[in-house]
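Here is the structure we will look at, set down as structure tokens.
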Amino acid sequence: MLAHLLKAATVTQLNPRQKEAVLYIDGPCLVLAGAGSGKTSVITRKIAYLIEQCDMPARHIAALTFTNKAAREMKERASKLVKGSASKGLTVSTFHNLGLNIIRREHKSLGFKPGFSIFDSEDARSLLKELMLKEGDLDNDHIDLVQNQISNWKNDLVNPARALSMAQSPGEQTIAIIYQRYNQALRAYNAVDFDDLILIPVELFQTNAEVLARWQRKIRYLLVDEYQDTNSSQYLLVQLIVGNRGALTVVGDDDQSIYAWRGARPENMSLLKQDYPSLRVIKLEQNYRSTSRILRVANHLIANNPHEFDKALWSEMGLGDPIRVIRCKNEEAEAERVATEIITQRLQKQYKFRDFAVLYRGNHQARLLEMKLQHHQIPYKMSGGSSFFAKTEIKDVMAYLRLIVNPDDDNAFLRIINTPRRQIGTSTLEALGGYASEREISLFAALDELGLQSRIPEKNLERLQRFAHWVKQVTQNSRGEKPVDAIREMLSDIDYEGWLHQNSASSKAAEKRLENVFYLIESLQKSLDKTANDDEDEESRIEDAIAKLVLRDLMERQEEEDLSDQVQLMTLHASKGLEFPHVFMVGMEEDLLPHRNSIEDNNIEEERRLTYVGITRAQRTLSMTLAGKRKQFGEMSETTPSRFLDELPKEDVEWEGFGEQSAEKNLAKGEETLSSLLNLFD
DNA sequence: AATCCTGGAGTTTTT
DNA sequence: CTCCAGGATT
């Protein structure tokens, strides 16, 4: 009886398709979840269903997402759905976090010392730079290219040896050799990069059946969110964990795949059908977000892309207003128009500022918008921008933390050896570096060696060794009862506060930076408190907490800003997954959307999906704007309206600024294409 | 170490 | 044009 009631509670408020997706557990399941179709509900309900109706303990269920934010939200929603503490032990994490856990647990057999570092892209870049400079055969400009290539190889499970054997040109050969050196260097530093967090577990599972079996026993049901964004190694990780059990539900939307440029393989969706012939495909087409008009426009646009799975969104939210396409004189008029639209609509219709979002293709487009919004005193919030972890003070403190848990982390060592100043110059460091690489040990380890005496003047050596001694002391303290206190003490030892004051533009700026540091330390404390109860291996708690900091996990953003009433400004990419009552899409022009580079690379389909994502963010109204003339690279030039405007259903669109008569004619006949209209009037 | 100069590019970004 | 990185200059 109780079970029956619970079942009812789990499955109510779901539509038939959603219900089917939740209840189907007899085999692999692909949920094609259109925008706004309640995909998170399906995942969280399914988790609840598995726990409560299928008696599957929460600790045997894992759900994977791409961002920490998504993981946090999903975990919260799932635990609310599940009665009592039954959701305890549930894994909801990012791919990278799961990978980190696997490497941590298996670090011995993988040959890593505990406390291994995670190199972020900047660390990786500076390492590559060093390697390439030593090599001498590649020029500095190629660093990005090399970094990208290595990342692509890692995402495609190509190891250095294979990269070398597959190289088509001397250039590729050189990169493959650098790739090999790079991996060796990471090993020497007891470090992994972001891509390794997926790749290493995959390689481990492929070569060690026993370990794989252990993890398969741990994870008995796997759910994957935003499946269209997985890359090859991520999909392989999923396949390995699932094995032949078919205990897999993936949720995704091929029409919202906008990250192919960073390795996502949307074809993983159709691949799934081949790899799991018994795959059940369930489409969620009812949308709970937008008006029919908006969905009609979105469907019509995306129909221009080839489709493996057909899908058409519909909703019961009413027809709604037509989509407006507004052509302005120039980019300034465009930004001005957006600002005045927001002001008048807010006054006339009692909307809040927060009901509006302005979406654009590239960050630079935000500049003018910001100016105009400021001018009209419209409060706005720009998401994106420089991240917390890019700030120098945070990078500095992180480097200290990393060196404490991993003394072999040369990158961290070099970052802080003279921050604050310790009067250790480049020549000293070069001598140390030379010695360390001869002996194939880390810089920090080299400091213990007597052989240094002949290489480095006594005074400088003394300074280095004083530093080393101090670091060891701090390390020891951090293993004590109160690791975070040890960290605080460390910062006061080096008078980091004084250093910040010395190196900030104003004392106000210094305060702000100090606040950031405190926030970081607080997060560390929180994380340690949280894991204190969990029965994890105790020794590695501080290491784990620091590793998670690098992955930006455990940074619980304060919600205060979200409550305030501000217009939302963001890129189309950043808008994925969000929704707003009233959306403006600006810069609907050829070369901007679709972007020029995408036109050149013949990548129109992804740009169309990006447009689709933008359209489907809108709940009530959608306005698109474009500038007739735009300043680019210094000079004003005529623009061409985006081809995507031609692909909108004419009966759902109101045109403005394309010439009065033509607008009427167009509305009446609904036949002419936009470009033919423009030809008439230009 | 701080500042100036020059040249080249000019999308999207999370972990 | 405008912003960066990197190198050269002070």
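Below, chain A is the first sequence line, B the second, and so on; all start at residue 1. When reading the values below, keep in mind they use all heavy atoms of this one structure, side chains included, and skip hydrogens, waters and symmetry mates. Everything numeric here is computed off the predicted structure, so don't read it as measured data.
When the side chain to side chain donor-acceptor pair (under 3.5 Å) test is applied to A:Asn305, the partners found at least two apart in sequence or on another chain are A:Arg608. Residues satisfying the ring-ring contact (aromatic ring centres under 6.0 Å, His included) criterion with A:Tyr259, sequence neighbours excluded, are A:Trp261, A:His573. Remark: A:Asp120 engages A:Lys395 in a side chain to side chain donor-acceptor pair (under 3.5 Å) (not counting sequence neighbours). Taking the salt bridge (charged side-chain N to carboxylate O under 4.0 Å, His left out) definition, one finds that A:Glu331 meets it with nothing, sequence neighbours left out.
When heavy atoms are screened at a 4.0 angstrom cut-off, A:Arg421 is found touching the sugar-phosphate backbone but no base atom. Within the 4.0 angstrom heavy-atom criterion, only backbone atoms of the sugar-phosphate kind lie near A:Phe66; the bases stay farther away. Backbone-only contact: A:Asn68 has heavy atoms under 4.0 Å from sugar-phosphate atoms and none from a base.
Remark on DNA chain B: of its neighbouring residues A:Val550 and A:Arg361, the 5'-side contact belongs to A:Arg361, judged by nearest-heavy-atom nucleotide. Between A:Gly362 and A:Leu551, the one whose closest nucleotide on DNA chain B sits nearer the 5' end is A:Gly362.
A straight line from CE of A:Met371 to C1' of C:dT2 spans 14 Å, rounded to a whole angstrom.
Comparing C:dC4 with B:dT11, their P atoms are spaced 12 Å from each other, to the whole Å. Between B:dT12 and C:dA5, the distance separating the two P atoms is 15 Å to the nearest Å.
A salt bridge links A:Asp229 with A:Lys576: at least one charged nitrogen is closer than 4.0 Å to a carboxylate oxygen.
At least one donor-acceptor pair closer than 3.5 Å links the side chain of A:Arg609 to the backbone N or O of A:Ser257. Of the possible polar contacts, none joining the A:Asp195 side chain to the A:Lys154 backbone as a donor-acceptor pair under 3.5 Å is found.
Put simply, chain A comes within 4.0 Å of DNA chain B, heavy atom to any atom, from B:dA1 to B:dT15, going 5' to 3'.
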| request: Begin from the C-alpha positions of A:Gln147 and A:Ser121 and carry the test side-chain hydrogen bond (donor to acceptor under 3.5 Å, both in side chains) through to its verdict. | output: CA-CA 9 Å; A:Gln147 189 172 18; A:Ser121 354; 5.3 Å; no
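In the region residues 570-578 of chain A, proximity to DNA chain B at under 4.0 angstrom, judged on heavy atoms, holds for A:Thr571, A:His573.
Counting heavy atoms from C-beta on, the side chains of A:Phe112 and A:Arg187 come closer than 4.5 Å.
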